[in-house]
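What follows is a set of notes on a single structure, which appears directly below.
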Number of protein chains: 2
Amino acid sequence: MKDKSIDVTAVGVRRRGDELVAAILQAAWDELMEVGFPNLTIERVATRARTSKPVIYRRWGNREELVLAAIQHHLPMPSEQIPDTGRLRHDVIIVLKRMNRLIEEIGPEILHGLMSVLGGIPFSELLNLRRTNVMPLILKRAVERGEIHSEKITERIIRLPMDLVRHELLITYQPISEQTLTEIVDDIFLPLLKK
Amino acid sequence: MKDKSIDVTAVGVRRRGDELVAAILQAAWDELMEVGFPNLTIERVATRARTSKPVIYRRWGNREELVLAAIQHHLPMPSEQIPDTGRLRHDVIIVLKRMNRLIEEIGPEILHGLMSVLGGIPFSELLNLRRTNVMPLILKRAVERGEIHSEKITERIIRLPMDLVRHELLITYQPISEQTLTEIVDDIFLPLLKK
DNA sequence: AATTTTAAGATACTATTAGTTTCTTATTTA
DNA sequence: TAAATAAGAAACTAATAGTATCTTAAAATT
């Protein structure tokens with residue numbers, strides 16, 4: 001009397017390739033948001049994606065890689081459009097605000113949990129550490145406009161605002177407040193360049 | 001024919017209290033240095049300390065707490081002696097160099113591994129994040145000597161050099177180089193105060 | 001259209017290890 | 001000397017990472 005087909009979803013229908021990958025990454029992301037990193041198990045992700053563990057292990061070497069991929073899948077890096085408002089201050093603030101995105105999207109707790117096993121390098125990538133040429137370009141334009149003197153610009157000063165924001169993120173696991181942002185730009189960065 | 005007492009160390013002799021704790025923390029530290037955080041198991045620590053798991057679990061709630069305790073046991077924070085060389089630059093450099101200590105002692109790999117499960121808060125403590133009054137005092141003295149103007153000093157600028165060193169540590173897991181230190185002090189910190 | 005190849009999915013398995021329970025007995029304290 | 005406390009041994013549970021095997025759906029090839 002019992003219906004044998006408990007699961008209504010097409011039995012015997014198999015997804016492959018990108019479709020399957022997307023389903024797994026989505027499931028991993030959902031798990032991540034629901035139970036957090038420490039409680040995320042491959043088993044549950046597999047079940048949630050209506051597939052099985054070996055399918056996952058064929059593509060990712062371990063738990064961390066899977067989660068990293070899931071995050072990258074959901075958070076493609078900002079288009080790196082380089083702001084050009086005509087004012088250095090404004091441009092810099094736009095860039096720094098972008099860095100808040102990751103935390104705003106995945107939330108402090110998850111980030112905190114991730115912090116762990118992802119290890120330093122990939123994590124840094126998440127936090128937009130990789131070399132971008134955004135700041136140099138913004139500064140170059142400011143020099144051309146005569147806003148600042150080029151001889152004041154050093155490698156370290158170029159990196160300074162992003163370093164400070166990143167530090168704040170790593171310590172607080174919170175989005176940067178408007179005030180902190182302003183302090184970094186107005187009390188530290190710009191004075192070093194303008195003087 | 002076989003000698004039954006394989007272990008020569010006094011059988012049936014039990015350590016207690018501080019002596020026992022010290023032995024466990026030492027064993028945990030040694031394990032940590034030998035196999036690294038991810039491979040450290042309570043079992044091995046117990047064996048190494050010639051005791052057993054329950055004894056450890058009676059004192060620390062889990063692996064992380066034990067390791068944290070082991071580190072704190074081995075790295076009591078610097079005596080927080082406040083440098084007073086008569087020159088701001090020199091004083092600051094001394095303070096910043098102290099921050100290298102943790103990494104120099106436990107090494108980048110271990111720190112990297114720890115980064116993980118310790119979670120943000122205790123880790124920050126390891127990195128000397130807690131409020132100290134070292135910098136303010138150094139700056140106060142510099143003001144009194146007439147080296148800098150007191151009106152230039154803001155909360156953020158006070159924290160700036162240590163923030164930058166900490167950022168560097170968190171990103172590189174390496175001791176700060178002499179050059180980086182100099183840049184932070186000479187190209188960023190002092191110019192903001194002297195101007 | 002039939003055949004071959006590839007890879008999905010199910011299932012069962014090994015191995016590790018965290019953390020617990022129980023019990024015996026050494027050490028301390030009264 | 002007796003009672004209370006805590007160490008240590010041993011065995012156990014439970015969770016879960018990662019693997020191996022097998023069947024068969026889907027895709028590629030002929």
Side-chain angles (χ1 to χ4, degrees), chain A residues 4-28 31-32 34-70 113-114 116-119, chain B residues 4-28 31-32 34-70 113-114 116-119:
Chain A
K4 237 186 184 171
S5 59
I6 295 153
D7 191 354
V8 187
T9 55
V11 177
V13 173
R14 293 181 186 177
R15 293 155 302 175
R16 292 198 167 200
D18 292 347
E19 188 194 352
L20 181 58
V21 169
I24 293 170
L25 291 179
Q26 180 65 47
E31 267 311 284
L32 188 62
E34 268 186 38
V35 306
F37 185 76
N39 300 316
L40 179 145
T41 70
I42 301 285
E43 183 83 48
R44 282 182 60 95
V45 172
T47 305
R48 182 161 203 153
R50 281 181 294 113
T51 181
S52 63
K53 287 205 291 180
V55 176
I56 291 178
Y57 279 110
R58 272 171 207 140
R59 289 166 208 273
W60 298 278
N62 55 44
R63 212 163 131 267
E64 289 76 43
E65 281 181 30
L66 172 64
V67 171
L68 187 57
L114 279 180
S116 47
V117 204
L118 293 184
Chain B
K4 238 186 184 171
S5 60
I6 295 152
D7 191 353
V8 187
T9 55
V11 178
V13 173
R14 295 182 187 177
R15 295 153 301 176
R16 292 199 169 199
D18 292 347
E19 188 194 352
L20 181 57
V21 169
I24 293 170
L25 291 179
Q26 180 65 47
E31 270 307 287
L32 187 62
E34 267 186 38
V35 306
F37 185 74
N39 300 316
L40 178 145
T41 70
I42 301 285
E43 183 82 49
R44 282 181 60 95
V45 172
T47 305
R48 182 161 203 155
R50 280 180 294 114
T51 181
S52 63
K53 288 207 289 179
V55 175
I56 290 178
Y57 279 110
R58 271 171 208 141
R59 289 165 208 272
W60 298 277
N62 54 44
R63 212 164 131 265
E64 288 76 42
E65 282 182 28
L66 171 64
V67 171
L68 187 57
L114 280 179
S116 44
V117 206
L118 293 184

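Below, chains carry the letters A, B, ... as their sequence lines are ordered, and counting in each starts from 1. None of these values were measured; they are calculated from a predicted model. Computed from heavy atoms alone, side chains included, the values below leave out hydrogens, waters and symmetry copies.
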Check the distance between D:dA9's P and B:I56's CD1 and give it to me in whole angstrom.
-> 12 Å

Stepwise side chain to side chain contact (heavy atoms under 4.5 Å, CB included) check, B:W60 with B:L25 = CA-CA 11 Å; B:W60 298 277; B:L25 291 179; 3.6 Å; yes

From CD of B:E65 across to C1' of C:dG19 the rounded distance in Å is 13 Å

Report which part of the nucleic acid A:T41 touches: base, sugar-phosphate, or nothing (heavy-atom distance under 4.0 Å, all strands).
-> sugar-phosphate

For B:N62, the side-chain contact (heavy atoms from CB on, under 4.5 Å) test, sequence neighbours excluded, returns B:E64, B:E65

Which nucleotide sits closest to the side chain of B:N62: D:dA17, C:dG19, D:dA10?
-> C:dG19

Those residues at least two apart in sequence (or on a different chain) that pass side-chain contact (heavy atoms from CB on, under 4.5 Å) with A:R59 are A:L20, A:V21, A:V55

Across the strands shown, which category fits B:L40 at heavy-atom distances under 4.0 angstrom: base, sugar-phosphate, nothing?
-> sugar-phosphate

Would you kindly check whether a donor in the side chain of A:K53 faces an acceptor in the base of D:dG18, or vice versa, at under 3.5 angstrom?
-> yes

Do any N or O atoms of the protein come closer than 3.5 Å to N or O atoms of nucleotides 6-8 of chain C, and which pairs are they?
residue	atom	partner	partner atom	Å
C:dT6	O2	A:R16	NH2	3.1
C:dA8	OP1	A:R59	NH2	2.2
C:dA8	N7	A:R58	NH1	3.4
C:dA8	N3	A:R14	NH1	2.9

Between C:dA18 (P) and B:I42 (CD1): distance, integer Å = 6 Å

Nearest listed nucleotide, side chain of A:S52, among C:dG19, D:dG18, C:dA10 = C:dA10

